[in-house]
Protein chains: 2
Amino acid sequence: MLKRTLSLTEQAKAHIKQLILDDVFVDGRIHSETDLAADLGVSRTTIRDALSRLEIEGVIYRKQGAGTFINPAGLQIKSRLDEIWSYEDMIDAHDYIPSTKILSVNVQSAPEDLAAELDLQPEEPLLVVRKLFLADRQPVILAYNYIPTALITQSYTEADFMHPVFEFLWANGQRLAYYLSEIVPLLTTGELAETLHVRPGLPLVSFAEIGYNDDNIPIIKSTSCFRDDFLRLRLIRRKP
Amino acid sequence: MLKRTLSLTEQAKAHIKQLILDDVFVDGRIHSETDLAADLGVSRTTIRDALSRLEIEGVIYRKQGAGTFINPAGLQIKSRLDEIWSYEDMIDAHDYIPSTKILSVNVQSAPEDLAAELDLQPEEPLLVVRKLFLADRQPVILAYNYIPTALITQSYTEADFMHPVFEFLWANGQRLAYYLSEIVPLLTTGELAETLHVRPGLPLVSFAEIGYNDDNIPIIKSTSCFRDDFLRLRLIRRKP
DNA sequence: GAGTGGTCTAGACCACAAG
DNA sequence: TTGTGGTCTAGACCACTCA
């Protein structure tokens with residue numbers, strides 16, 4: 001029987017995932033929805049919601065009339081692009097030890113293009129945070145964050161940016177709901193190459209993204225460059 | 001294979017999306033789930049499923065206690081990486097006229113790495129298809145497809161590859177269910193630069209992906225290079 | 001307090017796979 | 001034919017927003 005702390009669906013999802021990791025379903029076949037519902041004492045709808053979420057994660061797949069099965073390939077995925085929320089977690093998922101270095105924190109006035117993207121007037125002040133993420137002490141991600149100072153209600157120090165940026169926003173009353181991200185190829189130039197310890201002229205993948213809050217208002221612009229020799233950017237593409 | 005009728009949920013989703021595009025919800029606020037259910041003569045559950053799919057697409061967003069609203073930013077997204085299924089559609093979504101050119105079709109024996117990725121023995125024969133996708137007659141995507149010949153049951157000609165590759169697989173009794181994709185930065189070299197009409201040394205984004213069928217068996221390997229000055233690769237990243 | 005979306009139930013019927 | 005997942009219903013209660 002389950003208790004009502006997290007939603008029943010989330011508990012059921014976690015429970016089933018644990019059963020999978022514990023190798024309870026030896027032949028790769030997961031118990032039927034009806035059985036799972038009876039086992040956990042919840043309705044079949046709740047079980048179906050839980051299984052749907054595991055299916056989206058790629059952990060299982062379903063075949064109508066046949067059953068629900070473990071997806072071994074999906075279980076191997078270390079980190080999925082559309083689910084990354086903190087780069088520390090991403091580095092950790094690749095089995096490196098993550099660490100973070102704040103390169104600089106300062107306030108600049110918004111250039112025209114950034115102001116437009118963030119729905120601001122040109123010249124409005126922006127907090128600019130440059131962060132370097134390291135995997136086993138090797139620099140692997142360089143990130144620039146631009147936050148309108150108008151959103152910042154709390155005083156802060158550099159140390160506040162050692163944590164993921166969504167925590168800083170949260171402390172200022174803004175919940176980061178989602179990013180709209182664009183993938184942009186990049187050539188490493190002198191400074192970038194030096195910071196990331198790669199030779200100049202190497203191609204890199206970068207993200208250019210805008211983060212929105214629950215009210216769909218842009219609250220942050222962020223760009224990040226990745227060393228793909230350390231980190232693999234993966235995603236699942238499904239038939240719509 | 002087409003279904004006789006679309007599910008009520010899909011119909012409801014299409015109906016609501018049309019209402020949005022028709023500007024029926026002038027203030028950006030969508031009618032309540034109860035109202036929509038009554039209007040369409042279906043249960044609230046069906047409406048909720050339809051709205052959930054629109055929310056995943058980024059078309060709307062919901063706020064508990066407040067209502068459901070149109071997401072203008074989401075409506076602007078031309079094509080999302082995790083939903084692309086044919087490159088023709090992707091080019092079309094960017095308002096270019098798509099066309100396709102078959103560069104070559106031949107059979108080669110699988111090198112060790114490819115064989116491992118496709119669960120084959122080394123040296124097993126692979127059908128290799130090189131395709132070029134054009135936007136307004138400009139080359140924008142170069143794609144390599146590798147298909148184990150063991151899967152091919154029908155005879156074929158070059159013309160069969162003018163259509164998306166999943167249609168060729170379907171004709172051979174294989175349904176392409178999903179791709180596991182990796183994003184890899186690339187430097188344009190001589191031949192690639194010439195084919196895509198870009199200068200050598202330019203950084204590009206490429207996909208390296210493996211396609212699986214419903215039984216989770218790898219059936220195709222595919223790599224594609226994109227001219228990002230024509231095509232923007234976008235995705236939505238949400239808090240897990 | 002009224003109305004909204006979020007969760008959950010118990011049950012029904014259908015489409016499909018496999019023995 | 002049996003059992004599976006896929007769809008859908010009608011109704012309940014809760015958490016939350018907003019006037």
Side-chain angles (χ1 to χ4, degrees), chain A residues 1-16 25 27-56 59-71 173 175 177 213-217 238-239, chain B residues 1-16 25 27-56 59-71 173 175 177 213-217 238-239:
Chain A
M1 264 318 219
L2 300 170
K3 308 214 163 166
R4 269 187 147 80
T5 46
L6 278 177
S7 75
L8 285 182
T9 302
E10 279 303 322
Q11 292 179 64
K13 178 188 155 190
H15 184 263
I16 296 167
F25 311 112
D27 51 353
R29 186 200 183 82
I30 288 168
H31 302 161
S32 78
E33 298 177 347
T34 317
D35 288 352
L36 287 171
D39 289 349
L40 297 186
V42 298
S43 76
R44 192 183 149 215
T45 309
T46 303
I47 294 295
R48 276 188 65 73
D49 283 348
L51 290 175
S52 295
R53 297 183 195 188
L54 289 173
E55 190 178 25
I56 290 171
V59 174
I60 60 167
Y61 62 100
R62 307 201 258 200
K63 291 188 70 176
Q64 181 174 168
T68 303
F69 306 90
I70 295 175
N71 184 351
R175 202 186 79 95
N213 68 8
D214 286 317
D215 294 320
N216 237 48
I217 294 171
R238 295 175 195 283
K239 191 138 183 160
Chain B
M1 195 184 307
L2 292 173
K3 307 231 170 186
R4 274 207 311 278
T5 62
L6 246 41
S7 73
L8 284 183
T9 301
E10 279 303 324
Q11 291 180 60
K13 178 187 154 190
H15 184 264
I16 296 167
F25 310 113
D27 52 353
R29 185 198 182 85
I30 288 169
H31 301 160
S32 78
E33 298 177 346
T34 317
D35 287 352
L36 287 171
D39 289 348
L40 298 186
V42 298
S43 76
R44 191 181 150 215
T45 308
T46 303
I47 294 295
R48 276 188 64 74
D49 283 347
L51 290 176
S52 295
R53 297 184 194 187
L54 289 173
E55 190 178 26
I56 290 171
V59 174
I60 60 168
Y61 63 100
R62 307 200 259 198
K63 291 189 71 177
Q64 182 175 166
T68 303
F69 305 89
I70 296 174
N71 184 351
R175 201 186 80 94
N213 68 8
D214 287 317
D215 294 319
N216 240 49
I217 294 171
R238 293 176 197 283
K239 189 136 185 163

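So that the names make sense, note that chain A is the first sequence line, chain B the second, and so on, each numbered from 1. Heavy atoms only: backbone and side chains are in, while hydrogens, waters and symmetry mates are out.
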side-chain N/O [X] vs [N] OP1/OP2, d < 4.0 Å:
X	N	result
Thr45(A)	dC8(C)	no
Ser43(A)	dA10(C)	no
Arg44(A)	dT9(C)	no
Thr34(B)	dG5(C)	no

How many whole angstroms separate atom [atom1] of [X] from atom [atom2] of [N]?
X	N	atom1	atom2	answer
Asp49(B)	dG5(C)	CG	P	15 Å
Arg53(B)	dC8(D)	CZ	C1'	12 Å
Leu6(A)	dT7(C)	CG	P	11 Å
Ile47(B)	dT4(C)	CD1	C1'	15 Å
Glu33(A)	dC13(C)	CD	P	19 Å
Leu40(A)	dT9(C)	CG	P	10 Å
Lys13(B)	dT7(D)	NZ	C1'	16 Å
Arg48(A)	dC14(C)	CZ	C1'	12 Å

(message) Walk along nucleotides 14-19 of chain D from 5' to 3' and tag each nucleotide B, S or - by protein heavy-atom contact under 4.0 Å, base first, then sugar-phosphate.
(response) -BBB--

(message) Assess whether a salt bridge exists between Glu33(B) and Arg62(B), defined as any Lys/Arg side-chain N lying under 4.0 Å from an Asp/Glu carboxylate O.
(response) yes

(request) Heavy atoms only: give me the nearest Ile16(B)-Phe25(B) pair and the separation to one decimal. (result) O-CE1, 4.3 Å

(message) For Asp215(A), give me all partners under salt bridge (charged side-chain N to carboxylate O under 4.0 Å, His left out), at least two apart in sequence or on another chain.
(response) Lys63(B)

Distance (rounded to the nearest 0.5 Å) between [X] [atom1] and [Y] [atom2]:
X	Y	atom1	atom2	value
His15(A)	Leu36(A)	NE2	CG	9.0 Å
Asp49(A)	Leu54(A)	CG	CG	11.0 Å
Ile47(B)	Leu8(B)	CD1	CG	9.5 Å

(request) Select one nucleotide: of dC8(C), dG5(D), dT9(D), the one nearest the side-chain heavy atoms of Leu8(A). (result) dC8(C)

(request) By nearest nucleotide on DNA chain C, pick out whichever of Arg29(B) and Thr9(A) is the more 5' one. (result) Arg29(B)

(request) Could you check if a side-chain atom of Tyr61(A) sits within less than 4.5 angstrom of a side-chain atom of Asn216(B), using non-hydrogen atoms only? (result) yes

